[in-house]
Engineer: 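This is the structure I want to talk about, given as structure tokens.
We use all heavy atoms of the structure for the numbers below, so side chains are in, but hydrogens, waters and symmetry mates are not. Nothing here was measured: the structure is a model prediction, and the numbers come from that model. Each residue takes its place number in the sequence, starting with 1.
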Amino acid sequence: MQKPVKNRAGYSVAVIGAGIVGCATALALAQGGQRVTLFDPDAPGAGTSSGNAGGIVTGAVTPTATPAVLRALPAYLLDRSSPAVLRLRHSLRVMPWFMRFLRAGFPAEVDRIAAALHPIVAQALTAHRALAASCGAGGLITDAGWLKVYATQQEFDASAPDRRLMDRFGLRYTILDRKAVTDLEPNLDPALCQIGFHQPESGFVSAPKGLAQAYFDGAARLGAVHLRQTVRGIARRDGGGVTLHTEGGAQQFDRVVVAAGAWSARFVRQLGDRVSLDTERGYHIGFGPQTVGLLRGPVVFPALSLVLSPMDEGIRLVSGDELAGLKAPPNYRRIRALVPQARRALPALHDAAPATEWMGFRPSTPDSLPVIGPSPQGGDVVYAFGHGHIGLTLAAITAQMVAASISDTPAPVDPKPYLVSRF
């Protein structure tokens, strides 16, 4: 359980954003003796962090942009039923990001990015387990692993580049035949499970919002406070430190951590730095409590472009990769179109009507690498955003890196590949 920190004379640190990254960071900072104030108008984990598939995927070294993705982009973007889409009204605004994304998909860049992802994803579950245990939340993380299933040999062969990257870094996985897949997940349709690809060293969180809350509760026991205020601006102070401007007025801090997810770019600009950040909007449908217990862990169906996850409130269908910015209204048509495919994959869903619909904003960089570390203009500003599809996975290791930066101690991972100065 959590031990009290004896020294409370640390820095005053503002953390902007109460998603899983912000809450994990608040806890890591509080454990290091910093005086933490978390800013977010919403409850911990209530935003994008609440709607993911729950995976802590320690083999996630393949970036979003790859040669295969680039080849498929025209079909994706022109198909109105595709789970990946670029809204026309957002196309001009996103173009600089999109051009960087295309460059990131070249083979040499994929290898470079994978090498940068490996150190942080490889330590992700260990970092989460340590942080969760420290605040009494270890039971929220299970060993369910991460399972992908394929209906044909051709589908499986298409994943060979992903496996080559995992082999390069010695990441463990198991190839399963149909019997092994259905032994692991007996409620799946066997026809879609000819081959399984299982990553047993990945973790699973069936209540992502609950984990974020647990991390903040742990920080609060060490003196952290949560102000339900919107930060409208940040400015550096002469002589060091920062001033935050909220509806509650101006407040001064020694340090600030920008962990505002898809809303982080405006703070970066205010502070005189540059970043390429957009939002890959994701969607989910929840099938309600009558579907609890149908799956042991999350199951990815690459050919169907969907994930089925057994959350606390029932099976969750997760999909969607929509470039539409922060202001466009949700479009649930594509996720609704996947319900028949979900029922095909998990036949027990035929008796369950969709109960909830959700859309969230993944904060995504074009090179699939998060932005972690101090501003090039000084260590009074530290960035922690841009985690894209693996925000839950990387939250705890990010928190450790941020805490090390602020306390000026050795980081668990060299932060150089993740610095904002790369832009």
Side-chain angles (χ1 to χ4, degrees), residues 21 24 52-70 101 103-131 141-150 155-176 195-205 297-300 302 307 362 364-373 384 386-401 404 410-419 422:
V21 172
N52 55 61
I56 300 175
V57 188
T58 55
V61 293
T62 302
T64 306
T66 64
V69 168
L70 299 192
F101 178 85
R103 290 195 294 271
F106 292 176
E109 278 294 277
V110 170
D111 288 345
R112 180 189 69 81
I113 293 165
L117 282 169
H118 173 242
I120 48 176
V121 299
Q123 298 186 49
L125 183 55
T126 300
H128 265 298
R129 289 204 182 285
L131 197 63
I141 302 172
T142 71
D143 295 317
W146 189 250
L147 175 65
K148 297 182 180 181
V149 297
Y150 303 89
E155 286 181 11
F156 178 70
D157 290 345
S159 68
D162 297 353
R163 299 195 304 279
R164 281 196 292 268
L165 286 175
M166 292 185 69
D167 290 341
R168 173 183 168 190
F169 300 111
L171 297 168
R172 192 164 75 88
Y173 59 83
T174 305
I175 307 299
L176 308 177
I195 302 172
F197 179 78
H198 189 225
Q199 299 174 49
E201 295 175 353
S202 293
F204 177 62
V205 180
V299 184
V300 185
V307 183
R362 300 187 192 99
S364 297
T365 61
D367 61 5
S368 299
L369 295 174
V371 179
I372 308 171
H387 297 78
H389 291 252
I390 50 176
L392 173 59
T393 295
L394 296 180
I397 189 65
T398 297
Q400 291 181 353
M401 294 171 69
V413 177
D414 181 1
K416 184 176 180 180
Y418 323 109
L419 297 176
R422 72 184 189 268

Engineer: Output the distance between atom OG1 (Thr126) and atom CD (Glu201), rounded to the nearest 0.5 Å.
Structural biologist: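 One gets 9.5 Å once the value is rounded to the nearest 0.5 Å.
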Engineer: Taking the side chain from Thr393 and the backbone from Val57, do they hold a donor-acceptor pair closer than 3.5 Å?
Structural biologist: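 Indeed, once roles are kept as given, a pair shorter than 3.5 Å links the two residues.
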Engineer: Locate the shortest heavy-atom distance separating Ala127 from Ile397; write the atom from each residue and the value.
Structural biologist: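 Shortest heavy-atom separation between Ala127 and Ile397 comes out as CB-N, 3.6 Å.
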Engineer: So Ile390 and Leu117, do their side chains get closer than 4.5 Å, heavy atoms only?
Structural biologist: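 Yes, close enough: below the 4.5 Å cut-off.
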Engineer: Side chains of Asp111 and Leu165: does their closest heavy-atom pair fall under 4.5 Å?
Structural biologist: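 Yes, close enough: below the 4.5 Å cut-off.
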Engineer: What are the two closest non-hydrogen atoms of Ala24 and Ala395, and how far apart are they?
Structural biologist: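 Heavy atoms only, the tightest pair is CB-O, 3.8 Å.
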Engineer: Going by heavy atoms in the side chains, are Glu109 and Asp367 under 4.5 Å from each other?
Structural biologist: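 Answer no - side chains too far apart.
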Engineer: Going through the distances and angles, do Arg422 and Val371 end up as a side-chain contact (heavy atoms from CB on, under 4.5 Å)?
Structural biologist: CA-CA 9 Å; Arg422 72 184 189 268; Val371 179; 4.1 Å; yes
Engineer: List in chain and number order the residues that pass salt bridge (Lys or Arg N to Asp or Glu O under 4.0 Å) with Arg164, two or more places apart in sequence or in another chain; answer none if no residue qualifies.
Structural biologist: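 Checked Arg164 against salt bridge (Lys or Arg N to Asp or Glu O under 4.0 Å); zero matches.
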Engineer: Which heavy atom of Pro366 sits nearest to which heavy atom of Ala104, and what is that distance?
Structural biologist: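 Shortest heavy-atom separation between Pro366 and Ala104 comes out as O-CB, 3.5 Å.
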Engineer: Looking at residues at least two apart in the chain, or sitting in another chain, which of them share a ring pair (Phe, Tyr, Trp, His ring centres under 6.0 Å) with His198?
Structural biologist: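 Not a single residue meets the ring pair (Phe, Tyr, Trp, His ring centres under 6.0 Å) criterion with His198.
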Engineer: Give, for atom CG of Asp414 and atom CG of Leu419, the distance between the pair rounded to the nearest 0.5 Å.
Structural biologist: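 With rounding to 0.5 Å, CG (Asp414) is 8.0 Å from CG (Leu419).
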Engineer: With ring pair (Phe, Tyr, Trp, His ring centres under 6.0 Å) as the criterion, how do Phe197 and Tyr150 come out once you've worked through the C-alpha distance, each side chain's angles and the decisive distance to 0.1 Å?
Structural biologist: CA-CA 8 Å; Phe197 179 78; Tyr150 303 89; 7.3 Å; no
Engineer: Let me see the working for His387 and Leu392 under side-chain contact (heavy atoms from CB on, under 4.5 Å), right down to the final yes or no.
Structural biologist: CA-CA 8 Å; His387 297 78; Leu392 173 59; over 6 Å; no
Engineer: What distance do Gln400 atom CD and Leu131 atom CG have between them, rounded to the nearest 0.5 Å?
Structural biologist: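 Nearest 0.5 Å value for the CD-CG distance: 7.0 Å.
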Engineer: Please name the pair of heavy atoms, one in Val413 and one in Pro119, separated by the smallest distance, quoted to 0.1 Å.
Structural biologist: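 Looks like CG1-CB, 3.8 Å.
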Engineer: When you compare the side chain of Val110 with that of Pro161, does any pair of heavy atoms fall below 4.5 Å?
Structural biologist: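 No, every pair of side-chain atoms sits at 4.5 Å or beyond.
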Engineer: Please find the pair of heavy atoms, one from Pro298 and one from Phe204, that lie closest to each other, and give the distance.
Structural biologist: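 Minimum heavy-atom contact is CD-CD1, 3.5 Å.
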Engineer: Find out whether His118 and Leu171 are in side-chain contact, i.e. whether some heavy atom of one side chain is under 4.5 Å from a heavy atom of the other.
Structural biologist: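 Result yes, sub-4.5 Å side-chain heavy-atom pair found.
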Engineer: Measure the spacing between CZ of Arg163 and OG1 of Thr62 and express it to the nearest 0.5 Å.
Structural biologist: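 Rounded to the nearest 0.5 Å, the CZ-OG1 separation comes out at 11.0 Å.
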Engineer: Main chain of Ala124, side chain of Thr58: is a donor-acceptor contact present, judged purely on distance under 3.5 Å?
Structural biologist: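 Absent.
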Engineer: Sequence neighbours excluded, which residues qualify as salt bridge (Lys or Arg N to Asp or Glu O under 4.0 Å) partners of Arg103?
Structural biologist: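 Partners of Arg103 under the salt bridge (Lys or Arg N to Asp or Glu O under 4.0 Å) test: none.
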Engineer: Indicate yes or no: at least one non-hydrogen side-chain atom of Val205 is less than 4.5 angstrom from one of His128.
Structural biologist: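 They are not in contact (no side-chain heavy atoms under 4.5 Å apart), so the answer is no.
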Engineer: Could you go through the side-chain contact (heavy atoms from CB on, under 4.5 Å) check for Ile120 and Leu369 one step at a time?
Structural biologist: CA-CA 10 Å; Ile120 48 176; Leu369 295 174; 5.6 Å; no
Engineer: Any side-chain heavy-atom pair from Trp146 and Ile56 closer than 4.5 angstrom?
Structural biologist: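 Heavy-atom side-chain distance check fails, nothing below 4.5 Å.
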Engineer: Taking side chain as C-beta onward, heavy atoms only, is Pro370 less than 4.5 Å from Thr398?
Structural biologist: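 No - every pair of side-chain heavy atoms lies 4.5 Å or more apart.
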Engineer: Lys148 pairs by side chain to side chain contact (heavy atoms under 4.5 Å, CB included) with which of Val300, Val307, Leu176?
Structural biologist: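 Single side chain to side chain contact (heavy atoms under 4.5 Å, CB included) partner of Lys148 among Val300, Val307, Leu176: Val300.
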Engineer: Ignoring hydrogens and angles, tell me if any N or O in the side chain of Thr66 forms a donor-acceptor pair with the backbone of Val69 under 3.5 Å.
Structural biologist: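 Confirmed, Thr66 side chain pairs with Val69 backbone.
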Engineer: Write down the atom of Ile113, the atom of Ser368, and the distance for their closest heavy-atom approach.
Structural biologist: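 For Ile113 and Ser368, the tightest heavy-atom pair comes out as CG2-CB, 4.5 Å.
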